[in-house]
Number of protein chains: 2
Amino acid sequence: MASGAELTPRAREIVTAARELLEEEGPEALSMRRLGERLGIRAPSIYKHLPGKDALEAAVISDGFDELAATLDGTTLEELAHGYRAFARAHPHLYRLMTAGRLDRELLVPGAEDRAAFPAIQAAGGDRDAARALWAFAHGMTILELDGRFPPGADLDAAWSRGLQAFAGV
Amino acid sequence: MASGAELTPRAREIVTAARELLEEEGPEALSMRRLGERLGIRAPSIYKHLPGKDALEAAVISDGFDELAATLDGTTLEELAHGYRAFARAHPHLYRLMTAGRLDRELLVPGAEDRAAFPAIQAAGGDRDAARALWAFAHGMTILELDGRFPPGADLDAAWSRGLQAFAGV
DNA sequence: GTCTATACCCGGATAGAC
DNA sequence: GTCTATCCGGGTATAGAC
């Protein structure tokens, strides 16, 4: 029973503070000590409410998936892509935490990941394989942009258009 | 002058050992202490040969880019994609280090990144925007696979095919 | 020049007192 | 529920032995 489904009110406060800290100052700032500081308690006290940092991050990630799912209500491929990219640019540290690196699904709120994936499947007309390819393209564009991996001066709008144009034809 | 272009022979040995350690045991194992252990010296001694861990990683990354560039000699889109995916699966920890997270280009061997990008531009017929979209798709598929982000049982060969099919038409 | 020992500050986490 | 004290492991700067 590793699920982070039911959080006590106090745990929710801690998760909220963690997300704020992450978004404001980045992943290095999200330490148990800094978080305790923000909450006015000592780091070890956090462990009375949440089992550890992994669970804390998983709760933040679950919230992020739900929020992303709520954002992606566009119907066309362009709207969907725009919403996805806009979410990532508005919450870069959160997006990175949500999507980069291994993920212990046991710790997530059940269903949160699926809900975030659903719009892409819809946009691909129910074709799971096409939806995964589309997601890979969108995530690739997004994370490479956030990580500054494209050459300086690259026209990312044009690259997005090229890709979406390709997927529109499938 | 932060470039990692010229390495002394001893520094090369250290970088090689770092890469082996990374590939064998993953990123958490790549600590200065563990690396020193492997080399039979103490961690602080490494700093006489390389300025720090960032420079060490950058040297490993530069080697990785050169090796990837040498691997990607296919001409067709399918060959290129297959080579890219095969490299990542053969060297998952190295691929992750090379492509995930922020990258301080100052520390890289000049040109290594460009040489790895060249085959994609060629495959896209010189269209930079199309090449970036293609790279985003390939990286997205690759990193999501390595990170176990696709649902269990997802047919990744089919997703790759779908995507390549889309890009073939542009 | 090369390596060692030592030390500092950061991180996650635990035990036990109040 | 919160505290203090403590452990272990990181990166890394400094000082000094050979």
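Naming convention: chains lettered A, B, ... in sequence-line order (proteins, then strands); numbering from 1 in each chain.
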* side chain to side chain donor-acceptor pair (under 3.5 Å) partners of residues 110-123 of chain A, not counting sequence neighbours, each pair once -> A/Asp66-A/Arg115, A/Arg105-A/Glu113

* Provide, to the nearest angstrom, the distance between the CD1 atom belonging to B/Ile14 and the P atom belonging to C/dT2. => 10 Å

* **Nucleotide C/dT2, atom C1' - distance to CD of B/Glu13 in whole Å** => 13 Å

* Presence of A/His49 side-chain N/O under 4.0 Å of D/dT2 phosphate oxygens OP1/OP2 -> yes

* Asked: B/Arg10 side chain N/O closer than 4.0 Å to the phosphate oxygens (OP1, OP2) of C/dT2?
  -> no

* Interatomic distance, A/Glu25 CD vs C/dG11 P [rounded to whole Å] -> 12 Å

* Do other residues, nucleotides or ligands put more than 12 heavy atoms under 6.0 Å from the NE2 atom of B/His82? -> no

* **Sub-6.0 Å ring centroid separation between A/Tyr95 and A/Phe87** => no

* Asked: Taking CD from A/Glu37 and P from D/dC3, how many angstroms apart are they, rounded to a whole number?
  -> 12 Å

* Qualifying residues under salt bridge (Lys or Arg N to Asp or Glu O under 4.0 Å), relative to A/Glu24, sequence neighbours excluded -> A/Arg38

* Asked: For the rings on B/Trp135 and A/Phe150, is their centre-to-centre separation under 6.0 Å?
  -> yes

* To do: Could you state the atom-to-atom distance from CD1 of B/Ile46 to C1' of C/dC3 in whole Å?
  => 12 Å

* To do: Indicate for each nucleotide in nucleotides 6-18 of chain D, in 5' to 3' sequence, whether protein heavy atoms under 4.0 Å reach the base (B), only the sugar-phosphate (S), or nothing (-).
  => ----BBBB-----

* Asked: Any side-chain heavy-atom pair from B/Leu108 and B/Phe65 closer than 4.5 angstrom?
  -> yes

* To do: Report the distance from atom CG of A/Leu56 to atom C1' of C/dG12, rounded to the nearest whole Å.
  => 12 Å

